[in-house]
> 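Mind having a look at this structure? Questions to follow.
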There are 2 protein chains.
Amino acid sequence: MYKLLPDYIKEKITISDPDLETVLSYFKPQKLKKNEILVNPGEKPQRIYFVVSGCLRIFFLTEGGAEATRHFAFENQFATALVSFITGEISKEYVQAIEDTEVYFIWQSDFYELLKIIPQWEKLYRHYLEYAYVTNTNRLMSFITLDATERYRQLLAQNPNVVMRMPNKMVASYLNISQETLSRLKSKA
Amino acid sequence: MYKLLPDYIKEKITISDPDLETVLSYFKPQKLKKNEILVNPGEKPQRIYFVVSGCLRIFFLTEGGAEATRHFAFENQFATALVSFITGEISKEYVQAIEDTEVYFIWQSDFYELLKIIPQWEKLYRHYLEYAYVTNTNRLMSFITLDATERYRQLLAQNPNVVMRMPNKMVASYLNISQETLSRLKSKA
DNA sequence: CGTGCACTTGATTGAAGTCAAGCGCTGTGG
DNA sequence: CCACAGCGCTTGACTTCAATCAAGTGCACG
(Lines give C-alpha, C1' and ligand atoms only; values in the text may rest on other atoms or scores of the structure.)
Protein backbone atom coordinates (compact mmCIF):
# COMPACT_ATOMS: atom_id res chain seq x y z
CA MET A 1 0.00 0.00 0.00
CA TYR A 2 2.70 2.51 0.89
CA LYS A 3 4.79 1.03 -1.90
CA LEU A 4 1.99 1.01 -4.44
CA LEU A 5 2.57 4.49 -5.89
CA PRO A 6 6.39 4.32 -6.16
CA ASP A 7 6.10 0.83 -7.65
CA TYR A 8 3.60 2.09 -10.17
CA ILE A 9 5.89 4.94 -11.18
CA LYS A 10 8.97 2.72 -11.45
CA GLU A 11 7.01 0.33 -13.62
CA LYS A 12 6.11 3.06 -16.10
CA ILE A 13 9.33 5.07 -16.30
CA THR A 14 12.99 4.79 -15.40
CA ILE A 15 13.74 7.31 -12.69
CA SER A 16 16.59 7.89 -10.23
CA ASP A 17 15.91 7.39 -6.53
CA PRO A 18 16.37 11.09 -5.65
CA ASP A 19 14.02 12.10 -8.45
CA LEU A 20 11.50 9.53 -7.27
CA GLU A 21 11.74 11.01 -3.77
CA THR A 22 11.07 14.44 -5.19
CA VAL A 23 8.05 13.19 -7.08
CA LEU A 24 6.62 11.40 -4.05
CA SER A 25 7.09 14.46 -1.87
CA TYR A 26 4.43 16.22 -3.96
CA PHE A 27 1.80 13.58 -3.27
CA LYS A 28 -0.42 13.75 -0.21
CA PRO A 29 -2.47 10.91 1.31
CA GLN A 30 -6.21 11.17 1.85
CA LYS A 31 -8.80 8.77 3.27
CA LEU A 32 -12.37 8.77 2.03
CA LYS A 33 -15.52 7.19 3.29
CA LYS A 34 -17.96 5.23 1.22
CA ASN A 35 -20.16 7.48 -0.96
CA GLU A 36 -18.15 10.58 -0.06
CA ILE A 37 -18.01 13.16 -2.85
CA LEU A 38 -14.51 14.61 -2.99
CA VAL A 39 -14.79 16.88 -6.01
CA ASN A 40 -17.78 18.93 -7.10
CA PRO A 41 -18.26 20.58 -10.51
CA GLY A 42 -16.38 23.82 -10.96
CA GLU A 43 -13.86 23.27 -8.18
CA LYS A 44 -10.47 24.85 -8.62
CA PRO A 45 -7.61 24.21 -8.22
CA GLN A 46 -7.67 20.70 -9.48
CA ARG A 47 -6.15 17.48 -8.19
CA ILE A 48 -5.04 14.19 -9.76
CA TYR A 49 -5.78 11.13 -7.65
CA PHE A 50 -3.97 7.83 -7.40
CA VAL A 51 -6.10 5.07 -5.89
CA VAL A 52 -4.34 2.90 -3.31
CA SER A 53 -7.39 0.94 -2.16
CA GLY A 54 -11.09 1.20 -2.82
CA CYS A 55 -12.60 2.88 -5.83
CA LEU A 56 -13.39 6.29 -7.30
CA ARG A 57 -16.15 7.12 -9.75
CA ILE A 58 -16.22 10.12 -12.07
CA PHE A 59 -19.66 11.20 -13.25
CA PHE A 60 -21.69 14.18 -14.42
CA LEU A 61 -25.34 15.11 -14.52
CA THR A 62 -27.35 15.11 -17.74
CA GLU A 63 -29.88 17.84 -18.52
CA GLY A 64 -32.60 15.58 -17.22
CA GLY A 65 -30.74 15.32 -13.91
CA ALA A 66 -29.65 11.71 -14.35
CA GLU A 67 -26.13 10.64 -13.38
CA ALA A 68 -23.88 9.59 -16.27
CA THR A 69 -20.79 7.67 -15.16
CA ARG A 70 -17.70 8.50 -17.18
CA HIS A 71 -15.05 6.41 -15.43
CA PHE A 72 -14.27 4.03 -12.58
CA ALA A 73 -10.77 3.98 -11.07
CA PHE A 74 -9.70 1.03 -8.91
CA GLU A 75 -6.50 0.21 -7.02
CA ASN A 76 -3.30 1.24 -8.78
CA GLN A 77 -4.95 3.67 -11.19
CA PHE A 78 -4.84 7.42 -11.69
CA ALA A 79 -8.05 9.41 -12.02
CA THR A 80 -9.01 13.01 -12.61
CA ALA A 81 -11.51 15.16 -14.48
CA LEU A 82 -9.09 14.96 -17.37
CA VAL A 83 -10.89 17.11 -19.94
CA SER A 84 -10.96 20.17 -17.72
CA PHE A 85 -7.44 19.34 -16.54
CA ILE A 86 -6.34 19.65 -20.18
CA THR A 87 -8.50 22.51 -21.37
CA GLY A 88 -8.59 24.56 -18.20
CA GLU A 89 -12.35 24.89 -18.64
CA ILE A 90 -14.65 24.60 -15.68
CA SER A 91 -15.29 20.94 -14.97
CA LYS A 92 -18.83 19.57 -14.89
CA GLU A 93 -17.70 16.36 -13.27
CA TYR A 94 -18.05 14.91 -9.79
CA VAL A 95 -15.50 12.57 -8.22
CA GLN A 96 -16.91 10.19 -5.65
CA ALA A 97 -15.57 7.34 -3.48
CA ILE A 98 -17.82 4.32 -3.95
CA GLU A 99 -16.14 2.25 -1.25
CA ASP A 100 -14.00 3.31 1.70
CA THR A 101 -11.00 4.52 -0.27
CA GLU A 102 -7.39 5.54 0.22
CA VAL A 103 -5.78 7.81 -2.33
CA TYR A 104 -2.74 9.95 -2.91
CA PHE A 105 -3.33 13.19 -4.73
CA ILE A 106 -1.21 15.87 -6.35
CA TRP A 107 -2.27 19.42 -7.19
CA GLN A 108 -2.39 20.30 -10.85
CA SER A 109 0.14 23.11 -10.37
CA ASP A 110 2.56 20.69 -8.69
CA PHE A 111 2.00 18.21 -11.47
CA TYR A 112 3.04 20.86 -14.02
CA GLU A 113 5.99 21.77 -11.78
CA LEU A 114 7.13 18.13 -11.99
CA LEU A 115 6.84 18.27 -15.78
CA LYS A 116 9.37 21.10 -15.68
CA ILE A 117 11.89 19.76 -13.20
CA ILE A 118 11.78 15.98 -13.84
CA PRO A 119 12.16 15.27 -17.57
CA GLN A 120 10.95 11.69 -17.10
CA TRP A 121 7.67 12.92 -15.70
CA GLU A 122 6.60 13.99 -19.17
CA LYS A 123 6.76 10.33 -20.11
CA LEU A 124 4.49 9.30 -17.26
CA TYR A 125 1.94 11.89 -18.31
CA ARG A 126 2.22 10.55 -21.84
CA HIS A 127 1.45 7.06 -20.58
CA TYR A 128 -1.54 8.34 -18.69
CA LEU A 129 -2.86 10.23 -21.71
CA GLU A 130 -2.31 7.25 -23.99
CA TYR A 131 -4.07 4.92 -21.58
CA ALA A 132 -6.98 7.35 -21.17
CA TYR A 133 -7.30 7.75 -24.93
CA VAL A 134 -7.30 4.02 -25.66
CA THR A 135 -9.82 3.31 -22.90
CA ASN A 136 -12.08 6.07 -24.14
CA THR A 137 -11.90 5.00 -27.75
CA ASN A 138 -12.74 1.43 -26.88
CA ARG A 139 -15.75 2.62 -24.97
CA LEU A 140 -16.77 4.87 -27.85
CA MET A 141 -16.54 1.97 -30.27
CA SER A 142 -18.59 -0.22 -27.97
CA PHE A 143 -21.43 2.31 -28.14
CA ILE A 144 -21.23 2.34 -31.91
CA THR A 145 -20.95 -1.37 -32.60
CA LEU A 146 -22.64 -3.16 -29.70
CA ASP A 147 -26.18 -3.32 -28.35
CA ALA A 148 -27.02 -3.28 -24.63
CA THR A 149 -26.58 -7.04 -24.15
CA GLU A 150 -23.21 -7.12 -25.86
CA ARG A 151 -21.93 -4.07 -24.00
CA TYR A 152 -22.80 -5.74 -20.72
CA ARG A 153 -21.06 -8.98 -21.72
CA GLN A 154 -17.97 -7.07 -22.81
CA LEU A 155 -17.80 -5.14 -19.56
CA LEU A 156 -18.18 -8.36 -17.58
CA ALA A 157 -15.32 -9.90 -19.56
CA GLN A 158 -12.97 -6.90 -19.63
CA ASN A 159 -13.61 -5.23 -16.30
CA PRO A 160 -15.48 -7.59 -13.95
CA ASN A 161 -14.60 -5.33 -11.01
CA VAL A 162 -17.15 -2.82 -12.21
CA VAL A 163 -20.01 -5.30 -12.38
CA MET A 164 -19.05 -7.04 -9.14
CA ARG A 165 -18.17 -4.13 -6.88
CA MET A 166 -20.38 -1.29 -8.10
CA PRO A 167 -24.11 -0.84 -7.43
CA ASN A 168 -26.35 -1.73 -10.34
CA LYS A 169 -27.51 1.79 -11.00
CA MET A 170 -23.92 2.94 -11.50
CA VAL A 171 -23.08 0.02 -13.75
CA ALA A 172 -26.19 0.86 -15.77
CA SER A 173 -25.21 4.52 -16.05
CA TYR A 174 -21.73 3.48 -17.18
CA LEU A 175 -23.19 1.22 -19.89
CA ASN A 176 -25.67 3.97 -20.73
CA ILE A 177 -28.69 1.75 -20.26
CA SER A 178 -31.52 2.03 -17.73
CA GLN A 179 -31.33 0.24 -14.42
CA GLU A 180 -34.35 -1.84 -15.44
CA THR A 181 -32.69 -3.04 -18.62
CA LEU A 182 -29.54 -4.06 -16.73
CA SER A 183 -31.63 -5.96 -14.23
CA ARG A 184 -33.31 -7.88 -17.05
CA LEU A 185 -29.97 -8.61 -18.70
CA LYS A 186 -28.52 -10.02 -15.49
CA SER A 187 -31.49 -12.29 -14.86
CA LYS A 188 -31.20 -13.78 -18.35
CA ALA A 189 -27.47 -14.28 -18.59
CA MET B 1 0.59 25.22 -48.24
CA TYR B 2 4.32 24.60 -48.05
CA LYS B 3 4.38 26.72 -44.91
CA LEU B 4 1.39 25.06 -43.30
CA LEU B 5 3.22 22.30 -41.46
CA PRO B 6 6.11 24.41 -40.07
CA ASP B 7 3.62 27.10 -39.06
CA TYR B 8 1.53 24.52 -37.29
CA ILE B 9 4.54 23.23 -35.39
CA LYS B 10 5.76 26.69 -34.41
CA GLU B 11 2.31 27.52 -33.15
CA LYS B 12 2.29 24.52 -30.81
CA ILE B 13 5.85 24.49 -29.50
CA THR B 14 8.90 26.71 -29.29
CA ILE B 15 11.61 25.19 -31.42
CA SER B 16 14.92 26.41 -32.86
CA ASP B 17 15.23 26.80 -36.63
CA PRO B 18 17.79 23.98 -36.99
CA ASP B 19 15.62 21.64 -34.95
CA LEU B 20 12.61 22.60 -37.05
CA GLU B 21 14.62 21.77 -40.18
CA THR B 22 15.44 18.38 -38.72
CA VAL B 23 11.81 17.71 -37.92
CA LEU B 24 10.62 18.73 -41.38
CA SER B 25 13.25 16.56 -43.05
CA TYR B 26 11.43 13.51 -41.70
CA PHE B 27 8.14 14.43 -43.37
CA LYS B 28 7.36 13.38 -46.93
CA PRO B 29 4.69 14.84 -49.22
CA GLN B 30 2.00 12.71 -50.82
CA LYS B 31 -0.91 13.51 -53.15
CA LEU B 32 -4.12 11.53 -53.03
CA LYS B 33 -7.08 11.33 -55.33
CA LYS B 34 -10.70 11.53 -54.22
CA ASN B 35 -11.91 8.30 -52.61
CA GLU B 36 -8.42 6.79 -52.59
CA ILE B 37 -7.78 4.45 -49.68
CA LEU B 38 -4.27 5.05 -48.38
CA VAL B 39 -4.19 2.72 -45.38
CA ASN B 40 -5.82 -0.68 -45.05
CA PRO B 41 -6.35 -2.62 -41.81
CA GLY B 42 -3.30 -4.44 -40.51
CA GLU B 43 -0.75 -2.41 -42.47
CA LYS B 44 2.67 -2.01 -40.89
CA PRO B 45 4.72 0.06 -40.47
CA GLN B 46 2.49 2.91 -39.63
CA ARG B 47 2.36 6.56 -40.69
CA ILE B 48 1.07 9.78 -39.16
CA TYR B 49 -0.50 12.18 -41.65
CA PHE B 50 -0.70 15.94 -41.65
CA VAL B 51 -3.41 17.28 -43.97
CA VAL B 52 -2.37 20.28 -46.09
CA SER B 53 -5.49 20.43 -48.26
CA GLY B 54 -8.52 18.21 -48.70
CA CYS B 55 -9.73 15.74 -46.14
CA LEU B 56 -9.00 12.32 -44.68
CA ARG B 57 -11.50 9.96 -43.08
CA ILE B 58 -10.67 7.19 -40.62
CA PHE B 59 -13.20 4.37 -40.43
CA PHE B 60 -13.59 0.68 -39.66
CA LEU B 61 -16.04 -2.05 -40.57
CA THR B 62 -18.59 -3.37 -38.09
CA GLU B 63 -19.41 -7.07 -37.87
CA GLY B 64 -22.39 -6.49 -40.12
CA GLY B 65 -20.06 -5.01 -42.74
CA ALA B 66 -21.22 -1.41 -42.30
CA GLU B 67 -18.69 1.42 -42.27
CA ALA B 68 -18.30 3.26 -38.95
CA THR B 69 -16.52 6.60 -39.25
CA ARG B 70 -14.21 7.37 -36.34
CA HIS B 71 -12.69 10.66 -37.42
CA PHE B 72 -12.46 13.32 -40.11
CA ALA B 73 -9.24 15.32 -40.51
CA PHE B 74 -9.30 18.57 -42.51
CA GLU B 75 -6.62 21.11 -43.43
CA ASN B 76 -4.04 21.76 -40.74
CA GLN B 77 -4.79 18.63 -38.69
CA PHE B 78 -2.89 15.47 -37.87
CA ALA B 79 -4.52 12.08 -38.31
CA THR B 80 -3.56 8.48 -37.73
CA ALA B 81 -4.97 5.18 -36.51
CA LEU B 82 -4.00 6.37 -33.05
CA VAL B 83 -5.08 3.38 -30.95
CA SER B 84 -2.87 0.94 -32.81
CA PHE B 85 -0.14 3.59 -32.95
CA ILE B 86 -0.20 3.59 -29.15
CA THR B 87 -0.76 -0.06 -28.40
CA GLY B 88 1.18 -1.58 -31.28
CA GLU B 89 -1.78 -3.85 -31.95
CA ILE B 90 -2.90 -4.57 -35.48
CA SER B 91 -5.12 -1.74 -36.65
CA LYS B 92 -8.63 -2.44 -37.89
CA GLU B 93 -8.92 1.01 -39.38
CA TYR B 94 -8.95 2.35 -42.92
CA VAL B 95 -7.68 5.81 -43.87
CA GLN B 96 -9.29 7.31 -46.95
CA ALA B 97 -9.08 10.60 -48.84
CA ILE B 98 -12.59 11.95 -49.34
CA GLU B 99 -11.53 14.80 -51.59
CA ASP B 100 -8.39 15.28 -53.67
CA THR B 101 -5.94 15.67 -50.81
CA GLU B 102 -2.37 16.72 -50.12
CA VAL B 103 -0.65 15.42 -47.02
CA TYR B 104 2.73 15.17 -45.39
CA PHE B 105 3.41 11.94 -43.54
CA ILE B 106 6.02 10.65 -41.11
CA TRP B 107 6.79 7.02 -40.34
CA GLN B 108 6.06 5.89 -36.80
CA SER B 109 9.71 4.88 -36.27
CA ASP B 110 10.87 8.34 -37.36
CA PHE B 111 8.30 9.90 -35.08
CA TYR B 112 9.78 7.99 -32.13
CA GLU B 113 13.25 8.95 -33.29
CA LEU B 114 12.21 12.62 -33.07
CA LEU B 115 10.93 12.04 -29.55
CA LYS B 116 14.45 10.96 -28.64
CA ILE B 117 16.50 13.63 -30.38
CA ILE B 118 14.24 16.72 -30.14
CA PRO B 119 13.07 17.21 -26.55
CA GLN B 120 10.36 19.65 -27.67
CA TRP B 121 8.81 17.00 -29.86
CA GLU B 122 7.48 15.24 -26.78
CA LYS B 123 5.41 18.34 -26.16
CA LEU B 124 3.92 18.28 -29.62
CA TYR B 125 2.93 14.66 -29.15
CA ARG B 126 1.40 15.65 -25.83
CA HIS B 127 -0.66 18.32 -27.55
CA TYR B 128 -1.83 15.81 -30.14
CA LEU B 129 -2.80 13.27 -27.47
CA GLU B 130 -4.58 15.88 -25.41
CA TYR B 131 -6.51 17.13 -28.42
CA ALA B 132 -7.43 13.60 -29.45
CA TYR B 133 -8.60 12.78 -25.94
CA VAL B 134 -10.76 15.87 -25.58
CA THR B 135 -12.34 15.38 -29.00
CA ASN B 136 -13.05 11.75 -28.27
CA THR B 137 -14.53 12.44 -24.87
CA ASN B 138 -16.82 15.11 -26.24
CA ARG B 139 -18.04 12.69 -28.86
CA LEU B 140 -18.53 9.98 -26.23
CA MET B 141 -20.57 12.36 -24.10
CA SER B 142 -22.69 13.34 -27.09
CA PHE B 143 -23.66 9.68 -27.55
CA ILE B 144 -24.61 9.43 -23.90
CA THR B 145 -26.53 12.66 -23.47
CA LEU B 146 -27.97 13.54 -26.90
CA ASP B 147 -30.48 11.94 -29.26
CA ALA B 148 -30.04 11.78 -33.04
CA THR B 149 -31.52 15.23 -33.70
CA GLU B 150 -29.39 16.93 -31.07
CA ARG B 151 -26.21 15.17 -32.20
CA TYR B 152 -26.82 16.41 -35.73
CA ARG B 153 -27.43 19.97 -34.54
CA GLN B 154 -24.28 19.92 -32.44
CA LEU B 155 -22.17 18.64 -35.31
CA LEU B 156 -23.58 21.31 -37.58
CA ALA B 157 -22.69 23.96 -34.99
CA GLN B 158 -19.26 22.67 -33.97
CA ASN B 159 -17.90 21.20 -37.19
CA PRO B 160 -19.94 22.39 -40.18
CA ASN B 161 -17.17 21.20 -42.53
CA VAL B 162 -18.25 17.63 -41.92
CA VAL B 163 -21.89 18.24 -42.82
CA MET B 164 -21.08 20.48 -45.76
CA ARG B 165 -18.18 18.67 -47.39
CA MET B 166 -18.81 15.01 -46.63
CA PRO B 167 -21.37 12.72 -48.35
CA ASN B 168 -24.48 12.03 -46.31
CA LYS B 169 -23.75 8.39 -45.71
CA MET B 170 -20.43 9.27 -44.07
CA VAL B 171 -21.95 11.99 -41.94
CA ALA B 172 -24.59 9.48 -40.85
CA SER B 173 -21.96 6.86 -39.98
CA TYR B 174 -20.07 9.49 -37.97
CA LEU B 175 -23.20 10.39 -36.02
CA ASN B 176 -23.98 6.69 -35.70
CA ILE B 177 -27.42 7.02 -37.22
CA SER B 178 -28.80 5.50 -40.41
CA GLN B 179 -28.61 7.38 -43.68
CA GLU B 180 -32.42 7.45 -43.80
CA THR B 181 -32.66 9.08 -40.38
CA LEU B 182 -30.14 11.76 -41.34
CA SER B 183 -32.08 12.47 -44.51
CA ARG B 184 -35.26 12.95 -42.48
CA LEU B 185 -33.47 15.20 -39.99
CA LYS B 186 -32.15 17.41 -42.77
CA SER B 187 -35.54 17.79 -44.42
CA LYS B 188 -37.12 18.90 -41.13
CA ALA B 189 -34.49 21.33 -39.90
C1' DC C 1 -38.04 -1.74 14.12
C1' DG C 2 -39.31 1.01 10.53
C1' DT C 3 -38.12 3.99 6.57
C1' DG C 4 -36.16 4.55 2.34
C1' DC C 5 -33.38 3.22 -1.29
C1' DA C 6 -31.85 -0.49 -4.56
C1' DC C 7 -33.53 -3.74 -7.25
C1' DT C 8 -37.01 -6.66 -9.89
C1' DT C 9 -40.82 -7.48 -12.90
C1' DG C 10 -44.61 -6.31 -15.98
C1' DA C 11 -47.12 -3.24 -19.37
C1' DT C 12 -46.78 0.31 -22.59
C1' DT C 13 -44.45 3.71 -25.50
C1' DG C 14 -41.34 5.76 -28.60
C1' DA C 15 -37.09 6.80 -31.28
C1' DA C 16 -34.63 5.12 -34.70
C1' DG C 17 -33.53 1.00 -37.58
C1' DT C 18 -34.72 -1.93 -41.39
C1' DC C 19 -36.92 -3.00 -45.59
C1' DA C 20 -38.61 -1.43 -49.88
C1' DA C 21 -39.43 1.45 -53.81
C1' DG C 22 -38.45 5.27 -56.66
C1' DC C 23 -35.88 9.55 -58.12
C1' DG C 24 -31.93 11.98 -59.90
C1' DC C 25 -27.27 13.02 -60.53
C1' DT C 26 -22.74 11.78 -62.33
C1' DG C 27 -19.44 9.90 -64.77
C1' DT C 28 -18.05 6.59 -68.32
C1' DG C 29 -17.97 4.33 -72.72
C1' DG C 30 -19.85 3.93 -77.21
C1' DC D 1 -22.36 14.16 -77.24
C1' DC D 2 -25.62 11.16 -75.64
C1' DA D 3 -27.29 7.02 -73.06
C1' DC D 4 -27.61 4.31 -69.53
C1' DA D 5 -25.67 2.07 -65.36
C1' DG D 6 -25.00 2.64 -60.72
C1' DC D 7 -24.67 5.00 -56.63
C1' DG D 8 -26.48 8.44 -53.38
C1' DC D 9 -30.37 10.27 -51.61
C1' DT D 10 -35.36 10.56 -50.31
C1' DT D 11 -39.74 8.93 -48.72
C1' DG D 12 -43.04 5.62 -46.83
C1' DA D 13 -44.48 1.42 -44.12
C1' DC D 14 -43.34 -1.52 -40.63
C1' DT D 15 -40.44 -3.46 -36.79
C1' DT D 16 -37.63 -3.59 -32.79
C1' DC D 17 -34.82 -2.54 -28.86
C1' DA D 18 -34.66 -0.29 -24.93
C1' DA D 19 -36.86 3.69 -22.24
C1' DT D 20 -40.43 4.99 -19.36
C1' DC D 21 -44.10 4.27 -16.23
C1' DA D 22 -45.88 1.69 -12.50
C1' DA D 23 -46.10 -1.49 -8.70
C1' DG D 24 -44.18 -4.42 -5.54
C1' DT D 25 -40.19 -6.86 -2.81
C1' DG D 26 -36.40 -6.93 0.23
C1' DC D 27 -32.30 -5.36 2.30
C1' DA D 28 -29.45 -1.78 4.84
C1' DC D 29 -28.94 1.48 8.00
C1' DG D 30 -30.19 4.81 11.44
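Not measured: the values here are computed from a predicted model. Below, read A as the first sequence line, B as the second, and so on, with proteins coming before strands; counting in each chain starts at 1.
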> So, E63(B) versus T145(A): side-chain donor-acceptor pair below 3.5 Å or not?
no
> Counting just side-chain N and O atoms, does T181(A) come under 4.0 Å of either OP1 or OP2 of dA18(D)?
no
> Evaluate side-chain hydrogen bond (donor to acceptor under 3.5 Å, both in side chains) for T69(A) paired with R57(A), printing each intermediate quantity in order.
CA-CA 7 Å; T69(A) 299; R57(A) 173 174 82 119; 2.8 Å; yes
> Please check this pair: side chain of T101(B) against backbone of E99(B), looking for a donor-acceptor N/O pair closer than 3.5 Å.
yes
> Testing Y128(A), Y112(A), F78(A) for ring pair (Phe, Tyr, Trp, His ring centres under 6.0 Å) with F85(A), which one passes?
Y112(A)
> In whole Å, what is the span from the CD1 atom of I144(B) to the P atom of dA19(D)?
13 Å
> Just the rounded figure in Å: distance from P of dA19(D) to CG of L175(A).
10 Å
> For dT8(C), does either OP1 or OP2 sit under 4.0 Å from a side-chain N or O belonging to N168(A)?
yes
> I need the CG-P distance between D147(A) and dA18(D), as an integer number of Å.
5 Å
> In this structure, how many angstroms lie between the P atom of dT25(D) and the CD atom of Q179(A), rounded?
18 Å
> Considering heavy-atom distances to DNA chain C, does A148(B) or S183(A) have its closest nucleotide positioned more toward the 5' end?
S183(A)
> Let's see if you can work this out: which of dC9(D), dA18(D), dA6(C) has an atom nearest to the side-chain heavy atoms of K169(B)?
dC9(D)
> Using a 4.0 Å heavy-atom cut-off, does L182(A) contact any base of the nucleic acid, only the sugar-phosphate backbone, or nothing at all?
nothing
> Could you tell me which non-hydrogen atom of A97(A) sits nearest to which non-hydrogen atom of L56(A), and how far apart they are?
CA-CD2, 4.0 Å
> What is the separation between atom CG on L185(B) and atom P on dA15(C), rounded to the nearest whole Å?
12 Å
> With distance as the sole criterion, do the side chain of R184(A) and the base of dG10(C) form a donor-acceptor contact below 3.5 Å?
yes
> May I have the distance from L146(B) (atom CG) to dA16(C) (atom C1'), rounded to whole angstrom?
15 Å
> Rounding to a whole Å, what distance do you find between F143(A):CZ and dG17(C):P?
16 Å
> From the set dG17(C), dT11(D), dA22(D), return the single nucleotide nearest to any side-chain atom of E180(A).
dA22(D)
> Expressed as a whole number of angstroms, how long is the span from K186(A):NZ to dA6(C):P?
14 Å
